[in-house]
Amino acid sequence: MKTLKKRSLRTVCSEVFVLLITSFVFSLAFPGLVFSEGMGFISFLVLIPVFAVIRNTSWRLIAPYGFFYGFMCYIFFNYWLSSFHPLAILIVPIIKGGEMFFLFPALKAADTFFRKRSYVLQAIIWVAYAYLSEGWFAGYPYGTICYALYDYRPLIQIADITGIWGIIFLQVLPQAFLGNYLVDRIKGEAEPFKLYLRSNWIILSVYAVLVAASIIYGFVRISEWEDKTPERTWRVAAVQHNHDSWQGGLTTYTRNFNNLKRYTLEAITKDPDIVIWSETAFVPSIDWNMMYDYEGNHEMRKLVQEFISFAESLPVPLLTGNADGEPIYPEQGPLLEDGSQNRKDYNSVVLFQNGRIDGKYRKQHLVPFTEHFPYEKQMPWLYNLLLANDYQWWEMGTEPVVFESDGVKFSTPICFEDVFGYLSAEFVHEGADVIVNMTNDNWSGSVAAEKQHAYIAIFRAVETRKSVIRGTNSGLTCLITPDGELHDPMRPFWMGYHVYDVPVYEGGNDTFYVNHIDLFAKIAVYTSIVILVSGAALKIASTVKGRRKDD
C-alpha cells in the first residue's frame, strides 16, 4: 500500500481487494452461512484494514471506496434478503453503500485535520454514523457492529447507561488506532510501536480505564440480576405456527387459524396467564369484518366470527397480530364507486380479553420500501416500481401503547421495531414492565436471518432492564432476561408452542438509557460536527497563512 503522487493501478487494486476481503470477514462476525452463531471477536479486528485504507488512499477515491465497502458488507451479511424479494438484496446494500459514501470522507477528514490523534475522533464519528444511519426513513440497524457481541454479556451491560453507543465507541477506537499505525509503519513513517504507545499514553490510559470499568460493571450487573427476585412471574404461552407469509386467501387463513387453535388448546392445559400469537398471525381484520358485511366478504366475515368465538371461549387473554383495517372515508360504505375497498390498513397487535378487544397497538416504525414509502410525489418512478413488485403499504401508528393483563403492563414492538433502541425505551418510559415482540421472519427462509434479528433484541433487554418475550411465526421464539441471557429458543421453522415463565420487574427504576434515550449518540453527532468544522477552519486558515508567507 505504498502511496505515490500519482496512484498506480496496483495500489488501487490492492486497496479494493483489502476492502472486499474485509467486507466478507465483517459478515463472519454475525450468524450466517459460515458460522451459525457468528464469531463476535472478529468485530474487534475487522475495521483495522478499513482505517488503514482510509488513511492511505486519496481524496478522489475515498467516497467510492465507502460505497463499495458498504455495498459489499451487506451483500455478504444480508444474503438472505434475496428470499424476501430480488429488489431487496439490491436496495439494502445500495442504501448502506450510500451511507458509507459519506462516512468515509468524514473519517478521512478527521485523519487529515487531526492526524496524530485522529483515531479518537474517528471512533466518535463512527458512533454518530451508526446513530444517524438508523434515524432516517431507510434506517436499517442490522449489522451495527456492536450486535456481534450479543453473547459477550459482560461487555454489553453498559447499554443500560450508554445504549449501544458506548459499546461501539469502545470497539472502534483501538481499531482506528491500529489501522492508522499500520499504514504509517508500512510506509516507513511511523516510530517503533513502543514509542507510538508511549506518545499516546494518556488517551490509551483513559481508554483502558473505560474498558476495565465496563467489564467490571458488566460482571457486577450480571451478578445482581441473577440474584434479583422479580415482583412476579408471568406465564406466557407462545404459539409458533410456521406459516409462509407470502401466501394469502381464505383457504390459507382458515388453515393457519386451525393450526393456531390446535396449539393454543394444547398450551392452555399448561395453565398460562396469556397466549400470544405472532405478527399478523390472524390476518383478516377483526374490526373491518365485524363492521361490514357485503357481497364477496361473507366467508371472511364468518372466519372472523369464528375467531371471536374461539377467543371468547379461552380461559385466558389472547394477544395476536392482526391486519387492522378501517375506512378511509368514514361517511361512506366499505366499497368505493370504482369497486375498490374504502379501506386503509395498519400492522397491529390486538389484545382480546374479558370477551372483547381490550386494546390495540399499531406499528409506528414501518419497514422502509416494503411497508412504507413517503416519497410518492418526489420519486414516482420508484414508488410505481415498488408497487409493481407486489409491495404493499401500511399506515403508520402514532401511540406507544401499554397493555395491561392481570396486573402485568407490557408493550408490543412489532417485528422490525425491536431493532431500534429508542422504541423499547419509550414503551418502558410509558410504564411497560415487559417487552413482547411480535415477529414474522418466516419470509427469509433463513435461520441466520432469524438469529440476527433475535440477538439484536438482547440489547433491548439490557438497555431497559426488562424481560423480553418474543412471539414469532417461525423463530426465534424465546425469552430474554434483563441481564441479556437468551432462554429456551424454540426450533426455527417448526410448528408448536412453548410456555415461558417471564420474570416481571415492575416500574420505578428506569435505567439511565430509558431516561436519556440515545444521549451519548446525540453527543457524538454534535461533537463530530463541531470538531470537523473546527478542523476544516484551522486547515483553511493554515493554508491561507502559508500562501501569504510564500507571496
Next item on the list: Test Asn347 against every option in Arg362, Glu417, Glu279 by the side chain to side chain donor-acceptor pair (under 3.5 Å) rule and name the one that passes.
Entry: Glu279

Check: Have Thr439 and Asn437 got a donor and an acceptor in their side chains that come within less than 3.5 Å?
Finding: yes

Notebook entry, point to check: When rounded to the nearest 0.5 angstrom, what is the spacing between CH2 in Trp136 and CG in Leu132?
Noted result: 11.5 Å

Next item on the list: Could you name each residue pair satisfying ring-ring contact (aromatic ring centres under 6.0 Å, His included) that touches residues 457-495, not counting sequence neighbours?
Entry: Tyr147-Phe459

Margin query: With a 6.0 Å cut-off (strictly less than), is the heavy-atom count around NZ of Lys270, excluding the residue itself, greater than 12?
Written below: no

Next item on the list: Could you give me the CA-CA distance, side-chain angles and deciding distance for Tyr361 and Phe403, then say whether ring-ring contact (aromatic ring centres under 6.0 Å, His included) is met?
Entry: CA-CA 9 Å; Tyr361 168 69; Phe403 296 99; 7.3 Å; no

Checklist line | Inter- and intrachain pairs under salt bridge (charged side-chain N to carboxylate O under 4.0 Å, His left out), touching residues 205-221, at least two apart | finding: Asp160-Arg221, Arg221-Glu224

Item checked: Val275 side chain near Tyr497 side chain, heavy-atom distance below 4.5 Å -> no

Notebook entry, point to check: Going through the distances and angles, do Trp277 and Thr264 end up as a side-chain hydrogen bond (donor to acceptor under 3.5 Å, both in side chains)?
Noted result: CA-CA 9 Å; Trp277 295 354; Thr264 297; 2.9 Å; yes

Notebook entry, point to check: How long is the gap from SG on Cys478 to NE2 on His498, to the nearest 0.5 Å?
Noted result: 10.0 Å

Check: Gln353 side chain to Glu404 main-chain N or O, any donor-acceptor pair under 3.5 Å?
Finding: yes

Under 3.5 Å donor-acceptor pairs involving side-chain atoms of residues 40-53, not counting sequence neighbours:
unit_1	atom_1	unit_2	atom_2	d
Ser43	OG	Gly40	O	2.6
Ser43	OG	Gln171	NE2	3.0

Check: Looking at CD1 of Ile54 and CG of Asp111, how far apart are the two atoms once the value is rounded to the nearest 0.5 Å?
Finding: 8.5 Å

Next item on the list: Would you mind checking if Glu37 and Lys451 are paired as a salt bridge, meaning a charged N to carboxylate O distance below 4.0 Å?
Entry: yes

Item checked: Charged N-O contact under 4.0 Å between Arg232 and Asp433 -> no

Next item on the list: State which residue, out of Asp271, Asp501, Asp273, fulfils the salt bridge (charged side-chain N to carboxylate O under 4.0 Å, His left out) condition with Arg235.
Entry: Asp501

Notebook entry, point to check: Atom CD in Gln240, atom CG in Asn442: separation rounded to 0.5 Å?
Noted result: 9.0 Å

Next item on the list: For residues Glu430 and Pro400, report the shortest heavy-atom separation together with the two atoms involved.
Entry: CG-CG, 4.0 Å

Item checked: Nearest-0.5 Å distance that lies between atom CD1 in Ile222 and atom CD in Gln157 -> 4.5 Å

Notebook entry, point to check: So with a 6.0 Å cut-off around CZ of Phe137, is the heavy-atom count from everything else above 12?
Noted result: yes

Check: Does the ring center of Tyr74 lie less than 6.0 Å from the ring center of Phe77?
Finding: yes

